[in-house]
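One structure is given below, encoded as structure tokens.
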Amino acid sequence: MLDWFYNTSILITLPLFVGGFVVVSCLIVLALHPAVHRLVTDVKEWDRALAHVIGTFGVFFGILLALVAVSVYEDFSDTRQATIEEAGQVGALYRATTGLPDEYGDPMREVLDEYMHSVIEIDFPDQAAGRLPGASDEQIDEFEQLLHSVETDSLADQAEFGQALATFDDLVESRRARIDATALALPPLFWLVIWVGAAVNAVLIAFVQVKNTRLHMLVAGLLALFVGLVIFLTADMDHPYAGVISIDPGAYERVLEQIIDVTPSR
């Protein structure tokens, strides 16, 4: 079900998702409208009590949706920042290796080139499918071995090596953050509370006394439209590498094109 949601065009998922909210809300109104008019004898007292209930519930449900949406967006933003930093660190590391002797720098640059292709062509598709990537592990291990094999004599080479070593440490940290974000998602209990809240919201709106059924359905449908859009947006961003709003390997492709493919060896 989740694979279908994230792999299907938004032209299909958005109308189905939001339209489903609107249709269900309107059906609830149609189902409860006769019963409410039949059972409610004191309209003023009913409206006063219902206003308190809807107001209290609306505050809690609105806060819940807002907090969840902000939390999901912050996770998405942090993940995007981690990918941008990793791509930039690869570019900086590639440039740093040009200052090392060719016997060390050439193999390192070759490994970094392979690493970028692995990340773009294998890691990101795996992450979009919800699988932890491992294709680029080999290049990271190989680059670390090459770093440990470096022997420098001059102060200039030692400075270049120190810079490369520090940049590599930063790269490993950013890479770990990118990989860890593959499994990033809201806990199922949160989604249960959101769905229950949406259902309760639709029922409470159906309890409102409105003589004109069409007008009642219009109000309920508009509210359901907004709630559905918020939940759809939250669900789409919940997995940073999948869906319409997702993180792509564009930062890595730009580094590959603008730095790695054009930087000459020393």
Side-chain angles (χ1 to χ4, degrees), residues 73-184 237 239-243 245-266:
Y73 178 77
E74 287 181 348
D75 289 340
F76 181 89
S77 180
D78 291 343
T79 302
R80 179 173 177 80
Q81 185 62 32
T83 61
I84 293 174
E85 289 178 356
E86 182 188 7
Q89 286 154 359
V90 172
L93 191 56
Y94 191 91
R95 288 185 181 276
T97 59
T98 60
L100 296 175
D102 290 343
E103 59 182 302
Y104 300 119
D106 287 346
M108 288 182 180
R109 288 187 290 276
E110 183 178 345
V111 171
L112 288 176
D113 191 4
E114 294 175 358
Y115 174 77
M116 292 295 273
H117 283 284
S118 294
V119 170
I120 295 170
E121 298 168 9
I122 304 177
D123 279 9
F124 265 85
D126 284 345
Q127 290 180 276
R131 298 187 297 268
L132 290 176
S136 56
D137 291 350
E138 181 180 350
Q139 286 82 34
I140 288 293
D141 293 339
E142 185 177 354
F143 191 89
E144 186 176 14
Q145 292 176 359
L146 290 173
L147 274 179
H148 292 160
S149 68
V150 173
E151 295 180 359
T152 57
D153 297 326
S154 68
L155 291 177
D157 288 343
Q158 290 177 5
E160 293 288 350
F161 175 70
Q163 180 184 356
L165 193 60
T167 305
F168 178 73
D169 290 339
D170 293 337
L171 168 62
V172 171
E173 292 181 6
S174 298
R175 179 176 182 270
R176 175 47 51 194
R178 169 177 63 84
I179 292 176
D180 287 344
T182 305
L184 197 63
M237 287 196 303
H239 294 270
Y241 299 106
I245 306 174
S246 59
I247 300 170
D248 58 32
Y252 300 84
E253 293 171 347
R254 288 188 291 273
V255 169
L256 187 64
E257 295 173 0
Q258 298 173 5
I259 297 179
I260 294 180
D261 290 345
V262 300
T263 301
S265 302
R266 191 177 71 166

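Since the model is a prediction, treat every value here as computed from it, not as a measurement. Heavy atoms only: backbone and side chains are in, while hydrogens, waters and symmetry mates are out.
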Practice task
Assess the pair Phe143 and Phe168: is the distance between their ring centroids shorter than 6.0 Å?
Solution key: yes
How many angstroms lie between atom [atom1] of [X] and atom [atom2] of [Y], to the nearest 0.5 angstrom?
| X | Y | atom1 | atom2 | answer |
| --- | --- | --- | --- | --- |
| Met108 | Glu142 | CE | CD | 10.5 Å |
| Gln81 | Glu74 | CD | CD | 13.5 Å |
| Met116 | Glu253 | CE | CD | 9.0 Å |
| Ile259 | Leu93 | CD1 | CG | 11.0 Å |
| Leu184 | Asp75 | CG | CG | 4.5 Å |
| Asp106 | Thr98 | CG | OG1 | 10.5 Å |

Of all heavy-atom pairs between [X] and [Y], which one has the smallest distance, and what is that distance?
| X | Y | value |
| --- | --- | --- |
| Gly88 | Val255 | N-CG2, 4.4 Å |
| Thr182 | Gly130 | CG2-C, 4.0 Å |
| Tyr241 | Thr79 | OH-CG2, 3.2 Å |
| Ala164 | Leu147 | CB-CD2, 4.4 Å |

Are [X] and [Y] close enough that some pair of their side-chain heavy atoms sits under 4.5 Å apart?
| X | Y | answer |
| --- | --- | --- |
| Ser136 | Ile122 | no |
| Val172 | Glu144 | no |
| His117 | Leu256 | yes |
| Pro240 | Phe76 | yes |
| Arg178 | Asp123 | yes |
| Asp102 | Arg109 | yes |
| Val119 | Phe124 | yes |

Handout entry: Distance-only donor-acceptor check, side chains Thr167 and Gln89, under 3.5 Å
Key = no
Handout entry: Leu171/Glu86 under side-chain contact (heavy atoms from CB on, under 4.5 Å): CA gap, chis, key distance, verdict
Key = CA-CA 5 Å; Leu171 168 62; Glu86 182 188 7; 3.4 Å; yes
Fill in the blank from the handout: Paired with Arg175, the salt bridge (charged side-chain N to carboxylate O under 4.0 Å, His left out) test is passed by just one of Asp170, Asp137, Asp180, namely Asp137
Exercise for the section: Please say whether more than 12 non-hydrogen atoms of neighbouring residues, nucleotides or ligands are located less than 6.0 Å from CD in Glu138. Expected result: no
Exercise for the section: Please lay out, stage by stage, how Ile260 and Val90 fare under the test side-chain contact (heavy atoms from CB on, under 4.5 Å). Expected result: CA-CA 9 Å; Ile260 294 180; Val90 172; 4.2 Å; yes
